[in-house]
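Worksheet for the structure shown next.
Starting from 1, each residue takes its place in the sequence as its number.
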Amino acid sequence: MSRRRFPVGVQDFEKIIKDGFVYIDKTEYIYELANNYGDAMFLSRPRRFGKSLLCSTLRHYFQGHKELFKGLAIENLEKNWTEYPVFHFDMSQCKHDNPDHVAQSLDLILSNFEKKYDLSNAQLSYGDRLKMLILTAHERTGNRAVLIFDEYDSPVLNVIDDSEKMNAIRSIYNSFYGPVKNMAEHLRFVFLTGITKFSQMSIFSTINNLSNISMDKEWEGLCGITAQELENDFKEDIVNLSTELQLTPDETLQHLRARYDGYHFGPAMVDVYNPFSIVNTFSKMKLSDYWFASATPSALLKILEKYNFRITDIENKQVYATSFDQPFDNMATAIPILYQSGYLTIKDYDRLDDIYTLGIPNNEVYSGLYNTLMPHYLNPSDDANTSLLIAVQKAMRKDDIDAALTAVQSYLSALPYDLGVKSELDFEAILKVIFDCLGIRTDVEVRNARGRCDVVLKNRNTIYVMELKISSTATVDDALAQIDEKNYLIPYWNDPRRKVKVGVTVDPETHTINEWKVAE
């Protein structure tokens with residue numbers, strides 16, 4: 001069976017076109033972006049979402065490489081191909097945790113551009129060197145320069161937990177980007193990509209016309225693979241994958257949707273699939289958590305620790321639109337950067353009040369997130385965690401909540417004292433991490449008109465509504481009675497799945513489950 005070539009790890013537009021890799025035509029976006037929207041823009045998207053390919057495509061467009069765009073949408077849009085001097089800075093090359101190494105990498109990038117124009121300005125500041133490049137390029141070519149900064153924030157995010165290093169790298173950046181603000185007459189186009197913005201970065205605080213297009217409806221499909229693109233441009237690949245998985249094409253599409261879809265980058269709620277996972281899936285003909293496996297969990301943990309973020313707070317978070325444009329160094333919560341990093345996405349939008357509801361985008365992020373966090377929230381022993389997950393998974397496949405809670409009881413009994421359950425919130429967090437690791441959607445602190453249910457487990461065929469009591473006197477019957485008194489089951493009454501009540505008591509001395517009782 002012949003299969004198409006997918007650009008796994010390939011981010012250069014020229015290589016994709018010349019080597020015959022699959023390319024989703026985004027060039028109509030490119031034309032509009034470059035000609036009809038503005039002269040200076042910032043786009044935030046999660047890592048591995050196509051930002052670097054977008055920057056590469058913009059570079060080749062502005063360099064006038066018409067032959068690369070043959071057969072693409074832009075071929076019929078652009079009538080006057082012009083070669084501009086383009087300075088494309090891949091700032092991921094400066095991704096170090098040492099400010100001196102960041103400076104050395106930036107020096108090397110500038111030196112390579114300076115060689116092209118026979119300049120020797122090593123004695124000048126980084127900003128003055130960039131300024132001289134722009135002026136020289138404009139003077140010698142007669143055309144204004146194009147600046148592209150890909151992953152501009154990589155070096156700063158790498159030292160997110162070290163304020164001293166962050167300030168040192170920020171100082172380097174201020175020197176580098178600062179002169180851009182006064183050079184509009186010499187610049188045709190300025191484009192930055194990254195994850196977040198920083199309030200004290202010169203490029204944001206002093207370029208008055210820098211527009212943040214990250215949530216504008218026109219550009220929601222600019223990066224990533226939209227649902228429409230997947231279904232139209234990957235038909236044969238879906239068929240090939242369905243054969244490999246021994247499923248129908250419709251069933252295969254449902255699996256792709258559940259695992260990789262669900263990203264929304266603006267109020268229009270355009271469905272976007274994770275492109276890195278999609279191209280890996282079709283290349284390898286296997287469903288797996290490709291994007292999350294390529295992540296750096298240490299960075300996520302640094303974020304959560306910095307803001308004292310509880311895992312039970314991660315779903316159904318409501319925020320105003322202004323939260324998304326909040327500079328990183330002014331954030332009071334981890335929510336905006338979790339969104340910008342791809343761990344959360346927009347689940348709903350209230351247009352009247354301009355309120356966004358955020359949640360985990362899909363099953364890949366869901367299971368990956370909780371598996372990453374499990375050793376840090378629970379037992380640092382991988383063997384203990386793996387044994388627990390296997391036991392709970394086997395039990396829940398049979399809808400045997402008794403066996404699942406028996407495994408949890410045994411696991412908690414072996415936890416060191418300082419990691420044990422101290423409160424209902426602790427126990428809720430532990431249950432959420434355990435069951436979410438297995439892809440069993442778990443909601444905690446679920447509010448209704450009469451009260452707040454502690455835990456709701458949504459298994460394939462059964463919904464378990466659980467009330468917890470951490471007390472030496474409360475009983476499981478007290479817990480079950482509260483479920484009835486507060487009508488915790490009513491929100492799920494129309495759900496066809498079986499509904500089960502579970503009362504649980506936790507011993508405040510031993511920090512583990514004392515007993516539980518199950519009722520239909």
Side-chain angles (χ1 to χ4, degrees), residues 42 44-47 51 89-111 121-131 147 149-181 192-207 210 212 214 294-311 313 323-344 372-373 375-377 380:
F42 168 67
S44 169
R45 286 293 184 270
R47 59 180 182 78
K51 300 190 300 293
F89 294 86
D90 178 3
M91 302 306 290
S92 66
Q93 297 178 31
C94 304
K95 190 175 181 179
H96 307 287
D97 60 5
N98 185 316
D100 291 337
H101 293 163
V102 171
Q104 291 168 11
S105 296
L106 189 55
D107 175 73
L108 180 61
I109 296 172
L110 286 166
S111 296
N121 294 322
Q123 74 282 2
L124 300 178
S125 69
Y126 299 121
D128 285 339
R129 291 168 69 179
L130 178 59
K131 183 177 181 179
L147 299 180
F149 301 99
D150 188 19
E151 296 192 39
Y152 93 97
D153 52 2
S154 278
V156 188
L157 288 173
N158 204 41
V159 292
I160 194 171
D161 60 336
D162 190 323
S163 58
E164 183 176 347
K165 288 181 178 179
M166 182 182 288
N167 289 332
I169 293 174
R170 195 201 311 272
S171 178
I172 296 170
Y173 263 35
N174 285 343
S175 170
F176 175 54
Y177 290 118
V180 177
K181 65 181 179 180
L192 292 89
T193 75
I195 291 179
T196 189
K197 62 185 262 189
F198 291 78
S199 63
Q200 297 175 27
M201 297 294 290
S202 292
I203 200 153
F204 285 105
S205 60
T206 57
I207 300 182
L210 184 63
N212 186 350
S214 304
S294 70
T296 52
S298 58
L300 171 63
L301 294 170
K302 288 177 183 178
I303 293 169
L304 299 181
E305 289 173 6
K306 180 180 177 71
Y307 294 101
N308 298 314
F309 189 78
R310 294 184 65 90
I311 194 62
D313 295 334
S323 299
F324 296 105
D325 202 34
Q326 220 176 61
F328 166 74
D329 34 3
N330 285 344
M331 290 179 187
T333 169
I335 291 297
I337 198 166
L338 287 172
Y339 162 77
Q340 291 156 344
S341 302
Y343 298 111
L344 295 178
T372 295
L373 295 175
H376 300 273
Y377 273 81

Can you tell me if Gln123 has over 12 outside heavy atoms packed within less than 6.0 Å of its CD? yes
Without swapping roles, check the side chain of Lys51 against the backbone of Pro46 for a donor-acceptor pair under 3.5 Å. yes
With sequence neighbours left out, write down each residue that passes side-chain contact (heavy atoms from CB on, under 4.5 Å) with Ala168, or none if nothing qualifies. Pro99
Strictly distance-based, threshold 3.5 Å: is any side-chain N or O of Arg45 a donor or acceptor partner for the main-chain N or O of Ser214? yes
Can you name the side-chain contact (heavy atoms from CB on, under 4.5 Å) partners of Ser125, sequence neighbours left out? Asp128, Ser175
Quick one: list whatever passes side-chain contact (heavy atoms from CB on, under 4.5 Å) with Leu108, sequence neighbours left out. Asn112
For Arg129, enumerate each residue passing the salt bridge (charged side-chain N to carboxylate O under 4.0 Å, His left out) test, keeping only those at least two apart in sequence or located in another chain. Asp107, Glu114
Using ring pair (Phe, Tyr, Trp, His ring centres under 6.0 Å) as the criterion, list what pairs up with Tyr339, not counting sequence neighbours. Phe324
Search all heavy atoms of Leu344 against all heavy atoms of Ile335 and return the closest pair with its distance. CD1-CD1, 3.9 Å
Spatial distance of atom CG (Leu192) from atom OH (Tyr177) [nearest 0.5 Å]: 6.0 Å
Distance-only, no hydrogens or angles: does the Tyr126 side chain make a donor-acceptor pair with backbone N or O of Leu110 under 3.5 Å? no
Could you tell me if the side chain of Ile172 sits less than 4.5 Å from the side chain of Cys94, heavy atoms only? no
side-chain contact (heavy atoms from CB on, under 4.5 Å) for Met91 and Leu106? Distances and angles first, verdict last. CA-CA 8 Å; Met91 302 306 290; Leu106 189 55; 4.0 Å; yes
Shortest non-hydrogen separation from Ile195 to Asp153 and the atoms involved: N-OD2, 2.7 Å
How would you list, by chain and number, every residue that makes a ring pair (Phe, Tyr, Trp, His ring centres under 6.0 Å) with Phe89, sequence neighbours excluded? Phe113, Phe149, Phe176
